[in-house]
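Before any comments, here is the structure.
So that the names make sense, note that chain A is the first sequence line, chain B the second, and so on, each numbered from 1. Values below: all heavy atoms of this structure, side chains included; hydrogens, waters and symmetry mates excluded.
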Amino acid sequence: MNTELLNALNPDQRKAVESIDGPVLIVAGPGSGKTRVITYRIAYLINVVGIRPYHILAVTFTNKAAREMKERLEKLAPGSIKDITMGTFHSICAGILRREGEAIGINRDFVIFDADDQEKLLKRAAEEIGVDPKKFPLKKIASAISHAKSQLQTPERFRDKSHSYFDEIVVRMYEHYEKMLRANNAVDFDDLLLKTVFLFQRQPSVLKRYQERYVHIMVDEFQDTNLVQYELVKQLSGHHRNIAVVGDPDQSIYSWRAADLRNVFNFERDFPDRSVHYLEQNYRSTDTILQVASGIIADNRERKEIKLWTQNEPGDKVCLIEAYNEQEEAQIVVREAERMSASGKYRLADMAVLYRTNAQSRVLEESFIHYGVPYKLVAGTRFYERREVKDLVAYFRLIHNPADSVSLMRIINVPTRGIGDKSIVDMQAWARQRDLTLWQALEAASSSDDKPPLTSRALAAFDHFYRLIQTLIEDSRQLSLLQLFGEILERSGYQLYLKTQPDAEERLENIAELRTVAEQFNNLPSGDALSFFLESVSLVSDVDNLKENEGGVTLITLHQAKGLEFPVVFIVGMEESVLPHFRSLEDPSQMEEERRLCYVGVTRARQRLYLLRAFRRSMMGSSKVNEPSRFLGAIRSDLTTGSLPKADAPKTQTGVKKIYEYSTRQAQTPPRMETRRPATSMAPVVSAGRPVKSDRPVAPLFKTGDQVSHPIFGDGVVISTMPVKNDHEIVVSFKTVGLKKLLLSFAKLTKG
DNA sequence: GCGGCGGGCTTTTTT
DNA sequence: AGCCCGCCGC
C-alpha cells in the first residue's frame, strides 16, 4: 500500500494525516471524520513512512474506541495491531505500573480499587482517625481526594493549598487513605495515572526507555484529559516530540471528573512550534441538525470557534414534542420508534434515546417493556457492580493479592461461615496492634501459638476461612483460570449459597457470564491470566460492551453517548433542571458544560432528531413543573416542527398484535399494566452487551398443597402463597432441601 | 451470629 | 420512591 490511501480523505483530513513531524493539534468538530484521521494517520506512518508499529502509541477514550480503531487499522495495515500500544490512559498506565512499578515500591500483584472499594476504605479511615461521616460525607471527601490527585497534588502539596476546615479533614483523610492503599497493595483509578507520572519523575532511565520507544504519539478526545494525563503526554513525548492531540473543546463534558478543556489551549502555549489543523466538514448529520447544534453551542464563550458545514441535504426538520409527564414522554418515544421501525426505513438498532441522568432510564424501560419493544440499556446496574459478580471477583482478588483487605472483608462471611462483626472487629484490632494486614493476622492466628483473644469457636471459623483461601492460592498456581473459577465456586460454598437465594437463576446466569469473560484469558500462563483478568474487570466501562448494530433501541446517558452516532436520536428531558441540570443553574461555567452536553447529544444524530420535554415530572419524590430548556430557545424556529413528522406508514397500530411483529427478542406477556413484572425483573433484553435473559415463561398460579417441581431443588409441596407487589411469594417444602421461599416470577416451578 | 424490619437520607454525569 | 443503616428479636 502507498499514498493511494490518502485519496479517501478530504484536503483538511489529508493534511492532518500527513503532518507527522513535531507537535500537532487537530481540532475536529463532531462527525468530521476524526477517528478516520487517526486511523489513517497510523496507517500512513506504518505503510508510507515506514515506522514500526512498536514505536506508535495511541490513546483512546474508551476500550471500545481502541478495539474499533484496531479493527479498522487491521484492514489498512494488516498485522500491525499486535505491536501498537493502544488503549485508554488507565489501561496503558496499568500496564506500565505492572511492569515497572517495583521501582517506586508498587508490587506487581497490585489490585485496582473502584469507587465502591474506595468508599469502604474511606469509611474505615474515618473510623480510625475519628472523622464523622455524617458531618463530612465520604463521597465529598472521595471526590476532593480524586480532584487533588488529578491535579498532581500529594497530601503535602494539598495541605499547602488548603484553607477551609473541610480541606483540613480532607488532608488527614487523604494521608490515611494513602497509607491504607499501600497496606492493601492497591491503587485507585487516579493512582494509575498519578503513580505513572511519579515513576517517570523519579526514574529518568525508565522514562527514557518509554520516550525513545514511542516515536509517534496520538491522543484522542484531548478536551477530556486532566492535568495528570496531560503531564503524562508531555513526559512521553519529551524525546521525539511527535505528539498529535485530537479534540474539540465544544465536546468537553467531563470537567466534574477533573478534565480540563484548557489543556487544548495550553497545548498551543506549551508547544509553540505546533501545527494546527481544523476539521470542519461534517459527514454525519443533516444540515438541519447541524444548524440546530451550531445554534445551541454558539451561546458559549469559552470555545475555539470552528465553522461546521456539511454537503448533506437539509433533511427532516427537528421534532419538538411536549408531553404531559415523563410517562407520556416515554410512551411517545416508544411508539414513534415502533412506528419508524414498522415503516421499514429504520431498524430499532438505528435509534437511541439519550438522557441526562440515569434515573430517567427507568420510566423509559418500563415503557419499552410495556409495549414489548426491544431495547438495550447501557449501564443501569452495571454488570461488574452486581453483588454476586463483585463477590466472586473479590475471591479472585484475594487469591491474587491477599493484602487486599477490602476484598477479604467482602467475602470473609459470604456465604456465612460463622464469622460475625464482633469477631472481625476484634481480629482487626489485634492485627492493627501488631501492624499486620488482616490476612497476616489470620495467618498468624492459624499457625502460631500467639492467638488473638477470641473464642475458640470464632478462631476455628477464621482458621477454616484461612485454609480455604490458602488452598485456593495453591490451586491458582497450578490450575487454569477456568479450573480455578470452578474451584472457588465449589470450595467456598458460594455456588450452593447462590442457589438458595430467591433470584438464584439470574445470579447464576451472571456468574456464567463472568465465566465467559474469564475464558478469554484462559490460555495465558496461570499467573498472567489471573492478573490480566482482574485488570480487565477493573477497567471496563459500560459502553465497552455496547453493540450498536444489533438488538433494539439504545438507552444511554448523554455522557456515554460521546463518540457514538445513530440515524435516529431522541433526547428526553429538555427542561430546565434536567438539561441543564439543576446543580448547574448557578454556575456559568457549569452551565457552559451543560450546553456542550446538549450539543454532544444533538450531534449524535445522523438523520432524525427528536427533542422531548415533559410539562410535569416527578423528581426526588414530588411532582415538579419545569420550564422548557433554555437550549430549546437557541434553536431557530424554521428548523423545527412542533408535531410528529408525517407518517410514512400507517400509524394506527398500537395494539398487541402489531407489537409482536416487531419484537424479535422479547417473547413476553401481552402488555397489560396489571401483569407487569416486578421491578427486579425489569432486566433489559441486553445490558451493555451482556445478555440477561428476560423471556421467562409465565408460571401458572399455584395454591397451597400443590405438588411442584423445581429445576434445582427438585420436588416439593406448596405451603403458602402470598402476593407481593406485582408478584407472588411462594413457600415450598422440598423433599431434599426443606423449606424455601421463592418468587413466582423467577423460580421455574412446574406442576407435578 | 443471623436475618428481618423500619426509619432516615438521598439523587449528575464515570475511567 | 429506592437504598443503606441500625436496631431488634431469634
Using whole Å, report how far [atom1] of [X] lies from [atom2] of [N].
X	N	atom1	atom2	value
A/Lys624	C/dA1	NZ	P	15 Å
A/Lys139	B/dT10	NZ	P	9 Å
A/Arg257	B/dT12	CZ	P	16 Å
A/Lys422	C/dG6	NZ	P	18 Å
A/Leu354	B/dT12	CG	C1'	15 Å
A/Ile145	B/dT15	CD1	P	21 Å
A/Glu127	C/dC5	CD	P	11 Å
A/Tyr254	B/dT13	OH	C1'	7 Å

Legend entry - Face-to-face stacking of A/Phe89 with B/dT15, centres under 5.5 angstrom, angle under 30°: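 Ring-base stacking flag not set for A/Phe89 and B/dT15.
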Inset, instruction - Would you please determine if the base of B/dT14 is stacked by A/His559, with stacking meaning a centroid separation under 5.5 angstrom and planes under 30 degrees? - result: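 Whether judged by distance or by angle, A/His559 falls short somewhere, so it does not stack on the base of B/dT14.
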For [X], which contact category applies under a 4.0 Å heavy-atom criterion: base, sugar-phosphate, or nothing?
X	answer
A/Asp190	nothing
A/Leu558	nothing
A/Lys562	nothing
A/Thr62	nothing

Inset, instruction - Please measure how far the C1' atom in B/dT13 lies from the corresponding atom in C/dC4, and state the result in whole Å. - result: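 About 22 Å, rounded to a whole number of Å.
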Legend entry - Between B/dT11 and C/dG6 - C1' atom distance, rounded Å: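 Each nucleotide's C1' atom is 22 Å from the other's.
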Legend entry - Among A/Glu329, A/Glu576, A/Glu627, the one residue meeting salt bridge (charged side-chain N to carboxylate O under 4.0 Å, His left out) with A/Arg617: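 Considering A/Glu329, A/Glu576, A/Glu627, a salt bridge (charged side-chain N to carboxylate O under 4.0 Å, His left out) with A/Arg617 is found only for A/Glu329.
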Using OP1 and OP2 only, check whether a side-chain N or O of [X] sits under 4.0 Å from [N].
X	N	result
A/Asn226	B/dT15	no
A/Thr416	B/dG1	no
A/Lys123	C/dC5	yes
A/Asn358	B/dT13	yes
A/Thr557	B/dT13	no
A/Gln560	B/dT14	yes
A/Arg356	B/dT13	no

Inset, instruction - Map A/Arg457 and A/Leu539 onto DNA chain B by nearest heavy atom, then report which one ends up closer to the 5' terminus. - result: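 By nearest-heavy-atom nucleotide position, the 5'-most residue is A/Arg457.
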Legend entry - Contact nearer the 5' end of DNA chain B, comparing A/Arg583 with A/Ala458: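 Looking at DNA chain B, the more 5' nearest nucleotide goes with A/Ala458.
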Inset, instruction - Report, as yes or no, whether the 6.0 Å neighbourhood of atom CD on A/Glu128 holds more than 12 heavy atoms from other residues, nucleotides or ligands. - result: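 Yes, CD of A/Glu128 has more than 12 neighbouring heavy atoms, counting only those of other groups under 6.0 Å.
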Legend entry - Under the side-chain hydrogen bond (donor to acceptor under 3.5 Å, both in side chains) test, residues paired with A/Glu592 that sit two or more places apart: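 For A/Glu592 there are no side-chain hydrogen bond (donor to acceptor under 3.5 Å, both in side chains) partners, ignoring immediate neighbours.
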Inset, instruction - Establish whether the base of B/dT12 is bridged to the side chain of A/Trp256 by a donor-acceptor pair shorter than 3.5 Å. - result: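 Between B/dT12 and A/Trp256, which were checked side chain against base, a qualifying N/O pair under 3.5 Å is absent.
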Inset, instruction - Measure from the ring center of A/His559 to the ring center of A/Trp256 and say whether it is less than 6.0 Å. - result: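 Yes, close enough.
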Inset, instruction - Indicate whether any N or O donor in one side chain lies under 3.5 Å from an N or O acceptor in the other, for A/Glu535 and A/Ser538. - result: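 There is no such pair between these side chains.
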Inset, instruction - Decide whether A/Glu575 and A/Ser629 meet the rule of one side-chain donor and one side-chain acceptor closer than 3.5 Å. - result: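 Side-chain D/A pair, A/Glu575 to A/Ser629: absent.
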